[in-house]
Structure formats: C-alpha cells, structure tokens
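Counting from 1, the numbers follow the sequence of the chain as shown. Treat the numbers as computed from the prediction; the structure is a model and nothing was measured. Order of appearance sets the numbers: ligands from 1, and atoms from 1 within every ligand. Note: hydrogens, waters and symmetry copies are ignored here, and every other heavy atom, side chains too, is used.
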Amino acid sequence: MFLTLQSLMTLEIVLKLFLQEFNGLGIVLENRYYGASYPFNTSTTDNLRFFTTEQVIADTAHFAQNVILPGHNATLQAPKSLWILIGGSVPGGQVAFAVKEYGNIFWAGLASSGLTKGVLGYPEWYDPIQKFAPQDCTASLNGIIDKIDTVFANGNANQIHHMKSIFGLETLHDNGDFAQTIAYPLGNPFLYITPTWQEINWDPAVGSSEFFSFCHNVTNPNSPKNITALDYALAPYTDNEPWPNLGNYANYIKKYLIPTCGDVPVNNSACFLQHNQSYWADTTNSLRRSYLYTMCTEMGTYTAAHQDKPSLVSRVLKPEYTQQWCTWAFPPGKHNKIPSTPDLERYNVYGGSNMSAPRLAFVGGEQDVFRDVGFFAVDQGERYSLTVEDAYLHPQMLIESGGHRWDFEALNTGNVWEKDKEPQFIREVHLWELRVVARWIGQWEEREGRGSKRDEL
Ligand SMILES: *[C@@H]1O[C@H](CO)[C@@H](O)[C@H](O)[C@H]1NC(C)=O
Ligand SMILES: *[C@@H]1O[C@H](CO)[C@@H](O)[C@H](O)[C@H]1NC(C)=O
Ligand SMILES: *[C@@H]1O[C@H](CO)[C@@H](O)[C@H](O)[C@H]1NC(C)=O
Ligand SMILES: *[C@@H]1O[C@H](CO)[C@@H](O)[C@H](O)[C@H]1NC(C)=O
Ligand SMILES: *[C@@H]1O[C@H](CO)[C@@H](O)[C@H](O)[C@H]1NC(C)=O
Ligand SMILES: *[C@@H]1O[C@H](CO)[C@@H](O)[C@H](O)[C@H]1NC(C)=O
Ligand SMILES: *[C@@H]1O[C@H](CO)[C@@H](O)[C@H](O)[C@H]1NC(C)=O
C-alpha cells in the first residue's frame, strides 16, 4: 500500500512507477483544510483551531488504521499490511514526522524536499539562486538592490517616488509592497503569481524556465538606448554612480510582470497592493490562507532578505513584513489565537533538519530553495551513508543540480516508465528509489516469516 500525502489532490508521477513495479495499491490523501477537505465553510481563526501538523499526521495514522477499501476487508489496514508513505515539500515534512511518530503503524516513508525544520526568517531561500544563477544576472541585481536600499534609507520621498516610477510602480506607497513586487520574477514563494527559480524543472513539459528569460532580459547587451539610458536616471541619488542594468530590469517588470494584472491597477489588492488589512482578514477558505496559517502558527519560514550579505531582494523584506499579514489575517477568536511569532517548537519537536527514523528515506535537491529547512541543509555539513547498513536503514540521496521535488516527476506514458528518455541524473534517482522500496518490501516479508520473494533490483 502506497499512501501519498498531499495538500491538494494531485498525483505524483513517481507513485505510478511504484504501483507499476510493485503491483501496489496507491491512495492520495488530501490534508485537512485544503481542497475538498475543509471542516468549516470559512477559515476564521476559531475554525482553524484544529489545523496543526500534529493533527494532520494523526489523520494519516487514523486513516491507515481504519480505512476499508472498496472490495477489500480490514486485512489491508495498517499495520496488518505494509504501508509506505510518500510526500514532497510540506507533505514531505509530514511524511518524515509521521514515520517518526507512528513507526509502529507505517513501515516506511519517502520524503522528497521535505520541510522538516521551522525557522522565523528564511533568507536562505535565495541562496541557490545567488550561487547557481548566471553571475552577471545576480551581480546586476545585487548592485541594484544595494542602491534601492540606499534610497530607502535616505528617506527622501521624492527620490523614492521617482525610483518606484522607473518600474511603473509609483502608486505602491508601501515600500514592502514595491520590494515584493519587483521580487516576483526571482521568487516570492508565498505570493507568487509568476514562475520562479522553484518552477525550473528537468522536464520542460512540467516546469517553467521563465527565471532564465528574466535573467536574459536583465543582462541583455543589445537593449535600445531608451532602455539603457535608465541606468543613469537615479545616479544623482547615489553619488552619481549609475545603476547597471536597471533599465533592463525595470523594462522586464513593465513589459512582462505588470500586464499579468490585466485591467486591475497595480495599486489594488487583486494585483500588487498587499498592505491592506481587510484583504488579509477575508475568511474565505483558500489554499493560500491555510498555508499562511501553518506559517504563522508553527512553521515560520518567512522568505526575507539577507540583511548582512549581498541580497537579490530589498532588505525592507524582513520577517516583520510577513508577520504583519499573520496579525491582520488571524485576529484572536473565542477559542483560538495565533502566537505573536510562530511557535517553532511545535514544528521542530520531531528533530528539525537532523531528524531521522528507521526506513525513512530523504531525497533532496542541491539547488532546491527549501534545502536549508530540510535534511540536506547546508549547515548540517556533508551527508553520506557510511556503511551499507546505514544506506539501507536511513536511505538518502541528494540530487546533483536538482531542484524542488525533482524526483517526483517521471517520464511515464500510459503505464510505461520511459526510463531511457529520462536524463541520467534523474533516471538514477528513480532506479535508487525502486531499490529502496524493494528492500522495504523484502524486509517486511522477512519479518512476516515468509522470506524475501523479490530479488533486489
Ligand atoms: C456550510 O454552508 C452550507 C450552505 O450554506 C450549510 O448548509 C452547511 O451547514 C455549512 N456547513 C458548516 C460546517 O458550517
Ligand atoms: C479478508 O479477505 C481475505 C481474502 O480476500 C480473507 O482471506 C480473509 O479471511 C478476510 N479477513 C477478514 C477479517 O474478513
Ligand atoms: C525577456 O522575457 C520575455 C518573457 O519571458 C521573453 O519572451 C524574451 O525573449 C526575453 N528577452 C530577452 C532579450 O531575452
Ligand atoms: C523605446 O523606443 C521604442 C521605439 O523607438 C519604443 O517602442 C519603446 O516603447 C521605447 N521604450 C521605452 C522604455 O521607452
Ligand atoms: C491608485 O492609483 C491611481 C493613480 O494611478 C489613483 O487615482 C488611485 O486613487 C489609487 N488607488 C488607491 C487605492 O490608492
Ligand atoms: C483591500 O481589501 C478589500 C477586501 O478584500 C478590498 O475590497 C479593497 O478593494 C482592497 N483595497 C485596495 C486598495 O485594493
Ligand atoms: C545529527 O544527528 C546525528 C545522529 O543523531 C549526530 O551524530 C550528529 O552530530 C547530528 N548533527 C548535527 C549537525 O547536529
């Protein structure tokens, strides 16, 4: 039995490989407070009181122990039968937590790019971009951001207005809103409406390489004079130093980002104006509101600028910017109130980025924006299996040059895995995953006293 945890009902293609290879049964379980699984019609602070990671993973255990599947009886329930959990991103973290907490119910689990650690501010989100993106692009952006922050720090209203108008955003009075808007093409993982670094994928049919188009624009050496002239427009505010590639950056925002709003003006909350209490206070059920609640209450991971290093986004984007949304979105109710900053202990109780459990497999991406809140966090040092026993009991694989959940895509047409069409670095991850699952099945059968029926792949 393969149980995929999901925020929303979508099928991870890798699940199909497992079902095909092992003739298993697959179930996709949607999290409470998402999609069709809301217990209430609105998401007021009170109605959200049953929405905790602890409860979400308890749902999983309850489901596996009690479900009666059509055409089957109770013998398929966990732990009478072999159940393997699968999940990526936030559900990847939940898989890891559930295997650790309910190891007597679930035999094993595969967590891909799992967010297992909560932090308040998360400037490391931008680190893979800073490190792996074309350096003429990142250096241009670092320089422009330094100058933008100088103008903000100077506090001259006319200069700030002029600077915003270069991007066509002078009607955004809140500096955070302006900073957040020009960060969209880079990645603004909470409110993103356009593809970012996170959406790059090895399979072009699934992902988007718009990030690279953005960089091509920023670094375009052939831009017309009327665009490159803008590099000098703000020089009087920065000791007459020009702002290299400002014209290119601003042109991309005006030509490709602002038009995504259609007829809505940029200074409307349906477009880029976020500094609006009643907008956040809207209690309509939504994916975004549920995710924000998890961040505000226990996970944090507020994307923010590096304050003391080169930054790709303005340093006005501090954790306080996101915390303001939490405070506006979830005013105290009668039965529930959110903490003044996320109660990270509730999320980190399972062990954070150094958590482990028997037969819990971790897959990560070298260039994943969420790498630093998971098992392969850079601050954990090098990770590798020291013995075969360790590689079997604590399977782990970091995908070279991989991004967020890259193993969950596969080339599968009909019910056939097109192994030979996958790039080698992904095919080898899938082959490894099939070996890992085969071993788990073998170990289960051995424990059941039936002996291993399956040759190792
Ligand atoms: C949700 O709204 C529907 C229709 O307005 C109503 O019948 C139902 O009782 C409500 N459910 C809850 C849990 O409030
Ligand atoms: C469940 O079904 C299997 C065969 O499908 C049968 O052997 C078994 O006795 C059933 N168990 C129960 C508890 O009904
Ligand atoms: C700028 O970005 C747009 C939108 O993605 C793209 O169509 C265009 O080719 C890019 N321009 C350059 C010079 O790369
Ligand atoms: C630059 O000039 C071209 C034509 O000469 C015009 O189409 C374009 O809109 C101008 N761009 C800007 C940013 O003014
Ligand atoms: C938005 O900007 C326009 C000017 O472009 C202005 O007339 C309007 O009042 C602004 N709306 C808000 C809500 O600030
Ligand atoms: C602020 O949010 C409210 C509620 O969503 C909305 O009606 C209003 O138009 C928003 N204000 C602006 C300036 O967009
Ligand atoms: C991670 O956990 C292992 C095993 O519990 C321990 O040996 C190691 O020191 C920990 N690493 C860090 C960085 O805390």
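- The aromatic rings of F50 and F40 sit parallel to each other, their planes meeting at less than 30°, with 60° as the upper class boundary.
- Using a 3.5 Å distance cut-off with no hydrogens or angles, the side chains of N276 and S278 do pair a donor with an acceptor.
- Inter-residue side-chain proximity for E54 and F97 is flagged as unmet; no heavy-atom pair is nearer than 4.5 Å.
- Note: no N/O pair closer than 3.5 Å links N267 and ligand 6 by distance alone.
- For N276, every heavy-atom contact with ligand 6 shorter than 4.0 Å involves the side chain, none the backbone.
- Atoms of ligand 6 lying under 4.0 Å from at least one heavy atom of Y279, given by number and element, are 2 (O), 4 (C), 5 (O).
- Using modelled atom types and a 3.5 Å distance limit, the side chains of T194 and E210 yield no donor-acceptor pair.
- In summary, the aromatic rings of F370 and H404 are positioned with their centroids under 6.0 Å apart.
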Give a table of atom pairs where an N or O of ligand 4 lies under 3.5 Å from a protein N or O.
from	atom 1	to	atom 2	distance (Å)
ligand 4	2 (O)	N226	ND2	2.2
ligand 4	11 (N)	N226	ND2	3.0
ligand 4	14 (O)	N226	ND2	3.4

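- A salt bridge between R371 and D379 is absent, with no side-chain N of the basic residue lying under 4.0 Å from a carboxylate O of the acidic one.
- Taking a cut-off of under 4.0 Å to the non-hydrogen atoms of T171, the atoms of ligand 5 that pass are 2 (O), 4 (C), 5 (O).
- Ring centroid separation for the pair F362 and F376 does not come in under the 6.0 Å cut-off.
- Shown here for T260 and I193, the closest heavy-atom pair between the two residues is OG1-CD1, 3.9 Å.
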